[in-house]
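First up is the structure itself, then whatever we jot down about it.
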Amino acid sequence: MPVPPEDRIVGPGFRQKVYDWVARVPEGSVSTYGDIATLLGSPRVARQVGYALSALPEKHAASVPWHRIINGQGRISFRGDLSRAELQQRKLEAEGVAFDAQGRVVAFAERRWRLFSET
DNA sequence: GGTTTGACCATAA
DNA sequence: CTTATGGCCAAAC
């Protein structure tokens, strides 16, 4: 018997891929919208990555570490809902990710998940 | 099927 | 350092 639509993370094509890759980001590491978009095939779909995560219900927040996805500048990007931004920063800090006074991830280049060198 | 909307990114000032 | 503009592409209306 198939899984109910609400119980799975499937969406209209693109979103499902985004969730699948985001779920692979290990704890304590971070990734960017651009990197996820590149994995999907085109670095230009970074917007759709963020758009997909915006549509991610809180129910799937446990299985999809949306808080580990930040922008290419190593900063948390939210377009207005700062309440979510504080939540994201708090979650990252709980995993050992630190932020400086400017809101950027400390040692971002090293914490950035190495997508192209899985070894 | 055209228009609007975005948790983005690169570039310019 | 910050702010502004254009481009990009999928999903919603």
Side-chain angles (χ1 to χ4, degrees):
Chain A
M1 54 184 290
V3 182
E6 294 183 357
D7 198 33
R8 44 161 43 164
I9 314 178
V10 291
F14 203 89
R15 288 184 6 185
Q16 210 282 328
K17 290 195 200 170
V18 174
Y19 300 149
D20 184 43
W21 278 109
V22 173
R24 298 189 184 187
V25 180
E27 180 178 328
S29 297
V30 294
S31 186
T32 68
Y33 305 98
D35 284 352
I36 298 297
T38 302
L39 289 171
L40 294 179
S42 299
R44 314 175 193 283
V45 295
R47 278 188 134 184
Q48 277 61 302
V49 175
Y51 184 63
L53 293 180
S54 68
L56 179 68
E58 293 185 8
K59 179 179 181 180
H60 298 141
S63 56
V64 179
W66 57 271
H67 55 276
R68 295 180 192 146
I69 307 302
I70 57 182
N71 62 14
Q73 298 178 346
R75 310 173 85 173
I76 297 175
S77 289
F78 278 103
R79 278 204 162 174
D81 283 334
L82 298 186
S83 59
R84 301 271 163 115
E86 292 182 2
L87 176 62
Q88 180 173 12
Q89 180 173 346
R90 185 176 55 184
K91 284 190 171 188
L92 288 176
E93 289 177 346
E95 296 183 354
V97 179
F99 293 84
D100 58 9
Q102 295 177 340
R104 294 183 303 189
V105 175
V106 177
F108 168 60
E110 298 182 5
R111 283 200 181 276
R112 186 177 183 176
W113 183 36
R114 301 280 180 145
L115 303 165
F116 301 98
S117 55
E118 298 177 340
T119 52

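Predicted model only: the values in this text are computed from it and were never measured. Order of the sequence lines fixes the chain letters, A, B, ..., with proteins taken first and strands second; residue numbering starts at 1 for each chain.
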Please tabulate, one pair per line, each protein N/O and nucleotide N/O from nucleotides 10-13 of chain B that are separated by under 3.5 Å, including the distance.
none

Take atom [atom1] of [X] and atom [atom2] of [N], then tell me their distance rounded to the nearest Å.
X: Gln89(A); N: dA7(B); atom1: CD; atom2: P; result: 19 Å
X: Gln16(A); N: dA10(C); atom1: CD; atom2: C1'; result: 15 Å
X: Ile36(A); N: dG6(B); atom1: CD1; atom2: C1'; result: 18 Å
X: Trp21(A); N: dA7(B); atom1: CH2; atom2: C1'; result: 21 Å
X: Tyr33(A); N: dA10(C); atom1: OH; atom2: C1'; result: 16 Å
X: Leu87(A); N: dA7(B); atom1: CG; atom2: P; result: 16 Å

What's the closest nucleotide to the side chain of [X] if the choices are [options]?
X: Arg47(A); options: dC9(B), dG6(B), dA7(B); value: dG6(B)
X: Phe14(A); options: dA11(C), dC9(C), dC8(B); value: dA11(C)
X: Gln48(A); options: dA7(B), dC1(C), dC9(C); value: dC9(C)
X: Val45(A); options: dA7(B), dC9(C), dC8(B); value: dC9(C)
X: Arg44(A); options: dC8(C), dA7(B), dA10(C); value: dC8(C)

Ignoring backbone atoms, establish whether Ser77(A) has a side-chain N or O less than 4.0 Å from OP1 or OP2 of dC8(B). yes

Kindly give the atom pairs (protein nitrogen or oxygen, nucleotide nitrogen or oxygen) under 3.5 Å for nucleotides 3-5 of chain B.
none

Geometric class of the Trp66(A)/Phe78(A) ring pair [parallel <30°, tilted 30-60°, perpendicular >60°]: perpendicular

N/O to N/O distances under 3.5 Å, protein versus nucleotides 2-4 of chain C:
unit_1: dT2(C); atom_1: OP2; unit_2: Arg75(A); atom_2: NH1; d: 3.4

[atom2] on [Y] to [atom1] on [X], rounded to 0.5 Å:
X: Arg75(A); Y: Phe99(A); atom1: CZ; atom2: CZ; answer: 11.0 Å
X: Arg68(A); Y: Ser29(A); atom1: CZ; atom2: OG; answer: 8.0 Å
X: Arg24(A); Y: Ser31(A); atom1: CZ; atom2: OG; answer: 12.5 Å

Taking the side chain as every heavy atom from C-beta outward, state whether Gln88(A) and Ile70(A) have any pair of such atoms under 4.5 Å apart. yes

Are Val49(A) and Leu40(A) packed together at the side-chain level, in the sense that at least one heavy-atom pair is separated by less than 4.5 angstrom? yes

